Amino acid sequence: MSFSTVLSAAIRGLYVELVHVEADVSSGLPMFHMVGYLSSEVKEASERVRTAIRNSGIQMPVKKMVVNLAPATVRKKGASFDLPIALAVLASMGIFSGEQLKDTLVIGELSLDGSVKEVAGVLPIVMRAREEGVKRCILPKQNIQEGELVQGIELFGAEHLLEACRYLRGEQKVLAVTGGMRQEVSKENKEDKVDYSDIKGQEAVKRAVEVAVAGGHNLLMVGPPGSGKSMMAKRVTTILPPPSSEESIEITKIYSVLGMVDKEYPLITGRPFRSVHHTVTRSALIGGGVLPVPGEISLAHGGVLFLDELAEFPKPVLEVLRQPLEERQIRITRSQGNFVFPANFILICAMNPCPCGNYPDYNRCTCTQAQIQQYLGKISQPFLDRIDICAEAPRIQYDALAGKKKQESSAVIRDRVCAARAIQQKRYKDRGILCNSMLGVSELREVCRLGKKEEMLMRKAFVSLGLTARTYHKILKVARTIADLDASEKIGENHLKEAIGYRMLDKKYWGR
């Protein structure tokens with residue numbers, strides 16, 4: 001009788017659970033049996049593993065083989081257990097010593113010819129292995145560059161099952177690599193080809209976008225078709241400050257779990273931009289499934305989520321955004337447990353003011369008042385309260401469109417945004433706050449103090465506009481951002497007036 005064990009990993013949402021793959025080869029009725037709360041694709045691994053071992057030229061003994069994936073309380077899903085199962089069985093057969101698998105984590109899918117195929121979720125798995133004191137990882141060679149993003153752990157990229165066996169026997173000539181963060185240049189992003197200098201006119205909306213990005217505020221643009229709302233939204237990432245190394249790793253982890261990283265340049269060094277169609281389902285937007293996976297709001301983490309034609313989204317879909325917009329994360333509850341996915345993004349929405357798009361221009365608008373109210377009524381007051389800035393994008397005039405006036409480039413706007421963000425980072429150092437939009441009520445009292453004139457102005461606006469406590473706080477946060485763009489320590493009357501002006505649009509159209 002021979003027994004061996006090898007360490008592998010299962011991904012539950014974004015959390016990595018380490019799994020011990022145990023193999024026992026003994027005398028008895030010939031069989032290959034697997035246990036341990038397995039999904040269908042893991043159960044099918046028995047046939048893949050046996051065929052891959054045989055096609056690699058290794059004779060399988062006519063014995064009883066039992067493979068256990070522990071702990072039995074964790075659901076095992078995916079094809080990444082093929083390689084650890086095969087190596088555990090081969091160690092039990094005496095092909096190499098089981099001691100060679102000590103402090104080693106193995107993941108990889110096997111083809112029937114024994115070649116090792118790439119898997120998803122390598123980055124969070126290797127990071128968890130390092131946290132648990134694992135000294136080395138055996139990965140598919142296609143995933144090795146992704147694994148190299150993690151420092152302080154030895155990696156070996158295997159192309160074939162026999163190659164992994166030779167490595168464990170000490171016969172493999174190819175040297176293992178030690179993971180470490182690399183300064184790499186990612187592939188050219190399509191977003192880099194667009195620039196704010198392409199947009200003619202709409203200076204007020206550009207200013208609103210700049211304020212929104214500088215403070216991480218949510219933005220709603222309302223205007224007729226062809227007024228440039230989508231163009232401005234698609235260029236937001238060009239004025240966002242680049243992510244830090246920690247943010248890049250966090251963003252890459254999400255895309256890694258879904259198998260969406262570039263194998264050649266795995267580290268995501270830019271801000272995500274996710275444009276969601278109005279036919280999206282709730283589970284696709286926030287994440288879901290029997291074993292939940294991240295949705296669009298998590299894919300937009302650290303970047304921008306763009307909802308075009310906002311009023312065309314089903315109301316129940318929009319309402320599920322209310323909680324993540326407040327908490328900057330999404331909680332999904334299933335019978336297997338609670339899953340928490342990050343969702344710290346800037347929400348940018350665009351919509352027409354009516355079904356035909358021409359309201360309030362009555363010379364063009366063909367909608368009845370009832371149709372307009374029904375259209376606008378799809379956006380609830382609680383959802384509007386979570387929008388920090390509302391801006392109107394009017395129809396572009398010919399003179400602005402045909403004019404030769406040079407427009408500001410994204411680089412110039414980004415410099416101002418980065419300067420404002422630097423002020424916020426210095427102010428909120430060691431508080432866990434990245435920008436003004438993340439301020440809590442207690443921090444607001446400290447950093448958004450108003451003078452007597454500003455206090456009187458805010459009191460009048462609160463009464464006349466019928467503001468809620470949430471919108472009151474959001475006006476203060478936006479005013480703080482405008483002051484930061486002016487490099488002002490105090491919130492002035494002009495800063496507050498501009499912030500209040502960004503709440504006038506919803507009163508104009510919704511009258512709430």
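Values below: every heavy atom of this structure, side chains too, minus hydrogens, waters and symmetry copies. On a predicted model such as this, the values are computed, not experimentally measured, just so you know. Sequence positions, counted from 1, serve as the residue numbers for this chain.
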Query raised in the report: Under 4.0 Å between a Lys/Arg side-chain N and an Asp/Glu carboxylate O for D484 and R427?
Result: yes

Requested in this report: Please answer whether the main-chain N or O of C435 pairs with a side-chain N or O of Y428 as donor and acceptor at a distance below 3.5 Å.
Outcome: no

Query raised in the report: To the nearest 0.5 Å, what is the distance between NZ (K76) and OG (S39)?
Result: 9.5 Å

**Report entry** Main-chain N/O of V106 paired to S8 side chain as donor or acceptor, under 3.5 Å
**Finding:** yes

Query raised in the report: Should L7 and T104 count as side-chain neighbours, where that means a heavy-atom distance under 4.5 Å?
Result: no

Query raised in the report: Got a donor-acceptor contact below 3.5 angstrom from the N436 side chain to the Q424 backbone?
Result: no

**Report entry** Atom of N218, atom of F345 and distance for their closest heavy-atom approach
**Finding:** OD1-O, 4.1 Å

Report task. Verify, without hydrogens or angle tests, whether S437 (side chain) and G215 (backbone) share a donor-acceptor contact under 3.5 angstrom. Result -> yes

Query - Worked check of side chain to side chain contact (heavy atoms under 4.5 Å, CB included) between L83 and I107 - result: CA-CA 6 Å; L83 185 57; I107 56 172; over 6 Å; no

Query raised in the report: What distance do C418 atom SG and I413 atom CD1 have between them, rounded to the nearest 0.5 Å?
Result: 12.0 Å

Query raised in the report: Stepwise, does the side chain to side chain contact (heavy atoms under 4.5 Å, CB included) test hold for I138 with V116?
Result: CA-CA 11 Å; I138 299 178; V116 182; over 6 Å; no

Query raised in the report: Are side-chain heavy atoms of I387 and L347 found at a separation under 4.5 Å?
Result: yes

Query raised in the report: Atom OG1 of T281 and atom CD1 of I286: how far apart are they, to the nearest 0.5 Å?
Result: 9.0 Å

Report task. Could you tell me whether a side-chain N or O of S111 sits under 3.5 Å from a main-chain N or O of D113, the two making a donor and an acceptor? Result -> no

Query raised in the report: Within the side chain of R414, is there an N or O that forms a donor-acceptor pair under 3.5 Å with the backbone of P241?
Result: no

Query - Sidechain N-carboxylate O distance under 4.0 Å for E443, R431 - result: no

Query raised in the report: Are any of the side-chain heavy atoms of L318 and L307 separated by less than 4.5 Å?
Result: yes

In residues 289-296, what donor-acceptor pairs under 3.5 Å come from side-chain atoms, sequence neighbours left out?
{"unit_1": "E296", "atom_1": "OE1", "unit_2": "R274", "atom_2": "NE", "d": "2.8"}
{"unit_1": "E296", "atom_1": "OE1", "unit_2": "R274", "atom_2": "NH2", "d": "3.2"}
{"unit_1": "E296", "atom_1": "OE2", "unit_2": "R274", "atom_2": "NH2", "d": "3.0"}

Query - Donor-acceptor under 3.5 Å (S248 side chain, T269 main chain) - result: no

**Report entry** With N68, the side chain to side chain donor-acceptor pair (under 3.5 Å) member among E22, H20, H33
**Finding:** E22

Report task. May I ask you to test the L87-F96 pair for a side-chain heavy-atom distance under 4.5 Å? Result -> yes

Query raised in the report: What is the minimum heavy-atom distance between V89 and A23, and which atoms define it?
Result: N-CB, 3.8 Å

Report task. Consider only side-chain N and O atoms of S92 and S4, and report whether a donor and an acceptor are under 3.5 Å apart. Result -> yes

Query raised in the report: How many angstroms lie between atom CZ of R480 and atom CG of L439, to the nearest 0.5 angstrom?
Result: 9.5 Å

Query raised in the report: Counting distance only, does the side-chain N/O of E146 pair as donor-acceptor with the main-chain N or O of L123 below 3.5 Å?
Result: yes

Query raised in the report: Could you walk me through whether E154 and K135 pass the salt bridge (charged side-chain N to carboxylate O under 4.0 Å, His left out) check?
Result: CA-CA 6 Å; E154 190 180 80; K135 296 180 180 178; over 6 Å; no

Query raised in the report: Does anything in residues 297-306 pair up under side-chain hydrogen bond (donor to acceptor under 3.5 Å, both in side chains), and if so which pairs, sequence neighbours excluded?
Result: E250-H301

Query raised in the report: Taking the six-membered ring for Trp, are F156 and Y167 parallel (under 30°), tilted (30 to 60°) or perpendicular (over 60°)?
Result: parallel

Report task. Check P84 against V6 and note the closest heavy-atom contact, atom names and distance. Result -> O-CG1, 3.2 Å

Report task. Using a strict 4.0 Å threshold on nitrogen-to-oxygen distance, state whether E326 and R470 make a salt bridge. Result -> yes

**Report entry** Gap separating the CD1 atom of I153 from the SG atom of C137, nearest 0.5 angstrom
**Finding:** 3.5 Å

**Report entry** R130 atom CZ, over 12 foreign heavy atoms within 6.0 Å
**Finding:** yes

Query raised in the report: Where is the tightest heavy-atom contact between D195 and S409, given as atom of each residue plus distance?
Result: OD1-CA, 3.2 Å

Report summary line: In short, L219 meets A391 closest at the heavy-atom pair CD1-CB, 4.4 Å

Query raised in the report: Between D388 (side chain) and K474 (backbone), is there a donor-acceptor pair under 3.5 Å?
Result: no

Query raised in the report: Is the shortest distance from a Lys or Arg side-chain nitrogen in R322 or E319 to a carboxylate oxygen in the other one below 4.0 Å?
Result: yes

Report task. Kindly check if the number of other-residue, nucleotide or ligand heavy atoms within 6.0 Å of NZ (K253) is above 12? Result -> no

Query - SB check R271 E247 (cutoff 4.0 Å) - result: yes

Query raised in the report: Is E159 paired with K141 through a side-chain N to carboxylate O contact shorter than 4.0 Å?
Result: yes

Query raised in the report: Got a donor-acceptor contact below 3.5 angstrom from the R331 side chain to the F339 backbone?
Result: no

Requested in this report: I would like to know whether V67 and V49 meet side chain to side chain contact (heavy atoms under 4.5 Å, CB included); could you show each step before the answer?
Outcome: CA-CA 11 Å; V67 176; V49 168; over 6 Å; no

Requested in this report: Run the numbers on Y196 and V236 for side chain to side chain contact (heavy atoms under 4.5 Å, CB included), then give the verdict.
Outcome: CA-CA 9 Å; Y196 265 96; V236 167; 3.7 Å; yes

**Report entry** Residue that, paired with D198, satisfies salt bridge (Lys or Arg N to Asp or Glu O under 4.0 Å) out of K206, R235, K234
**Finding:** R235

Query - Min side-chain heavy-atom separation L29-K64 under 4.5 Å - result: no

Query - Spatial distance of atom CG (L267) from atom OG (S256) [nearest 0.5 Å] - result: 11.5 Å

Query raised in the report: Would you say the side chain of L310 lies within less than 4.5 Å of the side chain of F383, judging by non-hydrogen atoms?
Result: yes

Query - Which atom of D82 lies closest to which atom of E109, heavy atoms considered - result: OD2-CG, 3.6 Å

Requested in this report: Kindly indicate whether the side chain of L299, heavy atoms from C-beta on, has any atom under 4.5 Å from the side chain of M260.
Outcome: yes

Query raised in the report: Would a 4.5 Å heavy-atom cut-off, applied to side chains only, mark Y37 and L69 as touching?
Result: no

